[in-house]
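Take a look at the structure set out below.
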Amino acid sequence: MGVDLRQVVAGVLTLTMFVMLMHMIKRDHFDAVEDKLPGTEDVSFENANFDTTHVRKNIGIWKGDADELKPCWVKPSEDNMEQTEGFVTFSLTNGPEYHVSQIADAVIVARSLGATLVIPDIRGSQPGDKRNFEDIYDVDVFMKSMEGVVRVVKDLPAHTSTHKIAAVKVPNRVTEDYIAKHVEPIYRSKGNIRLATYFPSINMRKAGKKGDADSVACLAMYGSLELQQEMHDLVDSMVERLRTLSRKSDGQFIAVDLRVEMLDKKGCQGSDSDSDKEKSCFNAQEVAVFLRKTGFDKDTTIYVTQSRWDDSLDSLKDLFPKTYTKEAIIPADKKKKFLDSQDSELEKVIDFYISSESDVFVPAISGLFYANVAGKRIGSGKTKIVVPANIPDSSASASSFLSHYVSKKNHFAYSCYC
């Protein structure tokens, strides 16, 4: 009996299609199993203190960031200003969250006095921990941003004695009235001043009436400080590393500001209060439970600002195996310079800018870091800032815990961008 060639061809095609179908089914089932990364391990959630049936893999908090806003401040002019011969000197201290505010106050004071601003040095928390402005920031960008606003020089003239410079303290977000009453008389008498900003409170709310000083503050805070190239490239490489680790969430990751040593400080005492309104600090376990209850699954990648791994972070890693500190993701050739040197100032810069670039930011500690990261994120349209809370129920929407800076649009940055 002869063989029909058409039947043979049809049979081959049918078998081929069947094999392809089985391959597709197999791929859909098993491609989700990701190769383990160094330092990660499988965990069991059976004993977790929340109902895992409520955890949703695809949640709205990852989606729908606001459009990037544009600066809407008017750059002030020097035309109507009285120019004087003196200088204003100052230092940037305590990390970039403070630098942003310190630079604004110094520019406002120098402009109000008609004085020349001297590029600041940068000082850390340890004695002798001192570096040049250009070690962290782009000095050319800063000087260009100040053109027409205030005169800037890189160094104090050699003929000016540092012994004749009067030390003056001003409150953060200093006003022109305060300068006229408390600073100008000293400046007129001494000729030069050394400025230091103190922080009576963390106040980054929008001003009621917008004036010239607010435009100057907007420019100084959001238009004058950029990282120098090496620091910029380092932060970019670490952000890219986190995105690579986050392929199950489309390259998106969370940054959590959680520094263990801060939990024992005065500002965090009383954090076990029953009232969420009084609770300003959350430990690793509380953050972990909060994130799970608000829908983030175990494959979520988390960057923590803690300097080195601490045992107390294990409870966060138990629920989110892809939890990393900077030592796990920094390029090997940069580790000695930026981590092994124990230079906390450089580490704070890394934390601040990664937190500003993450898809979601979670401030486990209330304070200036939270406030000024929020301002930077608002300007770039990265408004997913979720503030932890104790959730009594088994689940809740992450959008319910959106920072009031964003939900109420009451951050100072909303005075600067539109």
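Heads up: numbering here begins at 1 and tracks the sequence. Computed from heavy atoms alone, side chains included, the values below leave out hydrogens, waters and symmetry copies.
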Which heavy atom of Ser101 sits nearest a heavy atom of Met221, and at what distance? OG-CE, 4.5 Å

Modelled atom types, side-chain donor and acceptor of Ser91 and Arg194, under 3.5 Å: yes

Any donor-acceptor N or O pair under 3.5 Å, side chains Ser312, Asp310: yes

For Thr93, the option from His99, Glu345, Arg123 that meets side chain to side chain contact (heavy atoms under 4.5 Å, CB included): Arg123

Side-chain donor-acceptor pair under 3.5 Å between Asp214 and Ser415, yes or no? no

Check for me whether Lys326 meets the cation-pi criterion with Phe338, that is, NZ or CZ under 6.0 Å from the six-membered ring centre and within 45 degrees of the ring axis. no

Can you confirm if the aromatic rings of Trp73 and Tyr222 lie within a centre distance of less than 6.0 Å? no

Between Lys376 and Glu97 (salt bridge meaning N to carboxylate O under 4.0 Å), is one present in this structure? no

In terms of relative ring orientation, are His411 and Tyr405 parallel, tilted or perpendicular, with 30° and 60° separating the classes? perpendicular

Report the C-alpha distance between Arg259 and Asp257 in whole Å, list the side-chain angles of each, state the deciding distance to 0.1 Å, and finish with yes or no for salt bridge (charged side-chain N to carboxylate O under 4.0 Å, His left out). CA-CA 7 Å; Arg259 289 156 285 159; Asp257 178 33; 2.9 Å; yes

How about Ser280 and Ser366: does a side-chain donor come under 3.5 Å of a side-chain acceptor? no

Smallest heavy-atom separation, Thr325 atom then Ser307 atom, equals CB-O, 4.4 Å

For Ser395 and Arg292, does a side-chain donor sit closer than 3.5 Å to a side-chain acceptor? no

For Arg243 and Gln252, does a side-chain donor sit closer than 3.5 Å to a side-chain acceptor? no

Could you go through the side-chain hydrogen bond (donor to acceptor under 3.5 Å, both in side chains) check for Ser355 and Tyr303 one step at a time? CA-CA 8 Å; Ser355 296; Tyr303 174 79; over 6 Å; no

Set out, in order, the CA-CA distance, both residues' side-chain angles and the distance that settles disulfide bond (SG atoms under 2.5 Å apart) for Cys416 and Cys72, then state yes or no. CA-CA 6 Å; Cys416 304; Cys72 56; over 6 Å; no

Compute whether any side-chain donor of one residue and acceptor of the other, for Asn372 and Tyr98, lie under 3.5 angstrom apart. no

Charged tip of Lys279 within 45° of Phe282 ring normal and under 6.0 Å: yes

Verify whether one side chain among Asn132 and Asp121 offers a donor that lies under 3.5 Å from an acceptor in the other. no

Does the plane of the ring in Phe133 sit parallel, tilted or perpendicular to the ring in Phe142? Use 30° and 60° as the thresholds. tilted

On the six-membered ring of Tyr414, is Arg205 placed so that its NZ or CZ lies under 6.0 angstrom from the centre and within 45° of the ring axis? no

Main-chain N/O of Phe253 paired to Asp359 side chain as donor or acceptor, under 3.5 Å: yes

Looking just at side-chain N and O atoms, do Tyr137 and Ser224 make a donor-acceptor pair shorter than 3.5 Å? no

